[in-house]
Amino acid sequence: MKANDIQKMLIDKNMNKKTLAEKCGWSPSNLRNKLKRDNFSENELKTIADALDCDLEIDFIPRKAPKNSQQ
């Protein structure tokens, strides 16, 4: 999830950043800085998802093995 995704969800939920920050227990400036850096821990993303009443999905996608790899 990227900062753009969070901002889209804010629009969809008709919520502003200040309200989201309050629901997450953060200051508005802390949330603003996180969005600016686009840097969130998994726990922070879970907190945001809960505040937005959303589910958070994190996927691992298998890498393709090199052609000369033996397994």
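Excluded from the calculations below are hydrogen atoms, water molecules and symmetry mates; all remaining heavy atoms, backbone and side chain alike, are included. In this chain, numbering begins with 1 at the start of the sequence shown.
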Problem - Pairwise distance OG(Ser41) to NZ(Lys46) - rounded to 0.5 angstrom - result: 9.5 Å
Exercise for the section: Without swapping roles, check the side chain of Asp38 against the backbone of Ala3 for a donor-acceptor pair under 3.5 Å. Expected result: yes
Practice task
Check the pair Trp26, Leu20 against side chain to side chain contact (heavy atoms under 4.5 Å, CB included), reporting the backbone distance first and the verdict last.
Solution key: CA-CA 9 Å; Trp26 305 330; Leu20 176 60; 5.9 Å; no
Practice task
Drop me the distance from Asn30's CG to Glu44's CD, to the nearest 0.5 angstrom.
Solution key: 7.5 Å
Handout entry: Side-chain H-bond candidate by donor/acceptor type, Thr19 with Asn16, under 3.5 Å
Key = yes
Problem - Shortest non-hydrogen separation from Pro28 to Lys18 and the atoms involved - result: CG-CG, 4.1 Å
Problem - Reported CG-to-NZ distance for the pair Leu35 and Lys2, which is rounded to 0.5 angstrom - result: 13.0 Å
Practice task
Decide yes or no for Met9 and Cys54: does some side-chain heavy atom of the first lie under 4.5 Å from some side-chain heavy atom of the second?
Solution key: yes
Handout entry: Ile11-Ile48 co-clustered via ILVMFWY side chain contacts under 4.5 Å
Key = no
Handout entry: Residues forming a salt bridge (charged side-chain N to carboxylate O under 4.0 Å, His left out) with Lys13, sequence neighbours excluded
Key = none
Fill in the blank from the handout: Rounding to 0.5 Å, atoms CD (Glu42) and OG1 (Thr47) come to a distance of 10.5 Å
Practice task
Given side chain to side chain contact (heavy atoms under 4.5 Å, CB included), test Lys34 with Asn39 step by step and report yes or no.
Solution key: CA-CA 6 Å; Lys34 289 177 184 298; Asn39 185 15; over 6 Å; no
Practice task
Mind running side chain to side chain contact (heavy atoms under 4.5 Å, CB included) on Leu52 and Asp12 for me, showing each step along the way?
Solution key: CA-CA 10 Å; Leu52 292 171; Asp12 290 347; over 6 Å; no
Practice task
Kindly indicate, with the supporting measurements, whether the criterion side chain to side chain contact (heavy atoms under 4.5 Å, CB included) is fulfilled by Leu31 and Cys24.
Solution key: CA-CA 9 Å; Leu31 175 60; Cys24 291; over 6 Å; no
